[in-house]
Amino acid sequence: MLTAENQLSHWIVRISYYVLVLGITLAAAYTISVLIVPIVLGFLLSYMLQPIVNRLERMGISRHLGSMLVLGLLLGTIGLALRVSYPKLSRQFTDFKSHDHLYLTMLESKAQALASSLSDHLPKDLVEESYASAQNHLIQEVKRYKTLLPEMLSHFLSALIMMLFAPVVAFFFLAEGSQIKKFLVSLVPNRYFEMSLMILHRIDLQLGSYLRGQLLDCLAIGVLAAIGLSILNVKYALFIGAFAGLANVIPYVGPVAGAIPGMLVLMISPNATFPWWSVAVMFVIIKAIDDVFIYPSTVGKSLHLHPLLVILGILAGEHFGGVLGMLIVIPLMGIIKAVVEVLHNTLRSYRII
């Protein structure tokens with residue numbers, strides 16, 4: 001029988017143990033919250049590259065070596081693309097910085113012309129008040145932009161460094177993905193073993209095909225936008241095309257966000273060959289080509305989500321997670337849909353529901 005002194009000692013050890021476990025859990029949760037961006041990007045990247053690593057493994061190459069080869073080839077390709085495009089991107093950025101005052105003057109001139117045109121159809125006092133308010137807001141935004149530019153560059157570099165960890169995270173998901181799945185399945189009771197495997201298989205199938213198809217679709221949109229903007233003699237076509245391709249990740253919102261910079265550049269360009277609305281027409285044509293030819297063959301209906309659910313999901317993702325939330329909400333909805341479908345079908349087959 002334990003003495004009072006031994007019981008006190010056991011209680012101290014037990015409390016110390018639980019405090020230690022709680023501290024480790026909180027530290028792990030904080031670390032994950034800080035590294036959430038590279039973790040999410042690494043997870044999504046691993047899903048896109050998983051079929052290639054699986055193919056190399058069937059050819060007799062170890063999974064660790066195959067993961068290193070695939071990620072090394074990907075990073076090498078990205079590095080080569082950046083090296084080739086960097087001189088042009090640098091020249092365009094330098095040109096934009098050196099002509100920013102000219103662009104502001106042109107923008108003010110266009111705004112004055114628009115205000116003058118509106119004065120013929122609307123009350124003059126209302127137009128002048130609105131113009132003065134917009135002009136003051138623009139001036140304040142420009143001043144704020146110039147003041148915050150160093151801080152924005154610092155945040156951008158920090159984000160870039162964080163994103164460099166994404167391939168490291170992707171390597172562990174690729175190399176140890178099967179072990180992670182086995183561990184997760186081992187936690188499930190035997191009666192739900194088959195259902196768990198079905199859920200993982202459905203997530204692998206739908207999420208992987210969606211991410212790979214979306215990547216190809218964004219690449220195609222970026223290339224088509226850059227080519228179209230170059231034909232229209234829009235400055236910074238490579239920048240805007242790359243932005244349009246990235247923005248295309250967000251359904252419905254992306255195409256509009258991609259067209260706005262090109263229209264603004266043509267609107268304020270003193271030597272524009274085409275009117276500003278020609279960019280909008282070009283993006284409508286690209287969207288039509290994407291809807292008819294590119295999207296069905298790349299993304300298709302891999303997630304089978306209703307357009308209204310997609311729109312509501314994007315709004316919710318922006319509210320809770322900003323841009324990152326808008327990017328990951330669609331794959332997350334796909335995962336939830338796959339889980340619910342498998343659960344529903346399984347429970348119905350056992351006549352539980």
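For the numbers below, each heavy atom of this structure counts, side chains included, while hydrogens, waters and symmetry mates do not. Because the structure is a prediction, the values reported are computed rather than measured.
- A 4.5 Å side-chain heavy-atom check between Pro275 and Leu266 finds every atom pair outside the cut-off.
- Here the shortest heavy-atom pairing between Ala225 and Gly241 reads CB-CA, 4.0 Å.
- Partners of Arg212 according to the side chain to side chain donor-acceptor pair (under 3.5 Å) rule, which considers only residues two or more places apart in sequence or in another chain, do not exist here.
- Under a hydrophobic clustering in which Ile, Leu, Val, Met, Phe, Trp and Tyr are joined whenever their side-chain heavy atoms come within less than 4.5 Å, directly or via other members, Leu224 and Val281 fall into the same cluster.
- Counting only heavy atoms from C-beta outward, the side chains of Leu232 and Thr273 never approach each other to under 4.5 Å.
- The CE atom of Met263 lies 13.0 Å from the CH2 atom of Trp277; values are rounded to the nearest 0.5 Å.
- Considering all non-hydrogen atoms of both residues, Arg63 and Ala175 come closest at CD-O, 3.7 Å.
- When ring centroids are compared, Phe239 and Phe243 stay outside the 6.0 Å threshold.
- At a threshold of 4.5 Å between side-chain heavy atoms, the hydrophobic network of Ile, Leu, Val, Met, Phe, Trp and Tyr places Phe172 and Leu49 in one connected group.
- Within the 4.5 Å cutoff, no side-chain heavy atoms of Ser278 are placed close to those of Met282.
- If you chain together hydrophobic residues whose side chains sit under 4.5 Å apart, Ile286 and Phe274 fall into the same group.
- Cluster annotation: Phe173 is connected to Leu45 through the hydrophobic network of ILVMFWY side chains, with a link wherever side-chain heavy atoms come within less than 4.5 Å.
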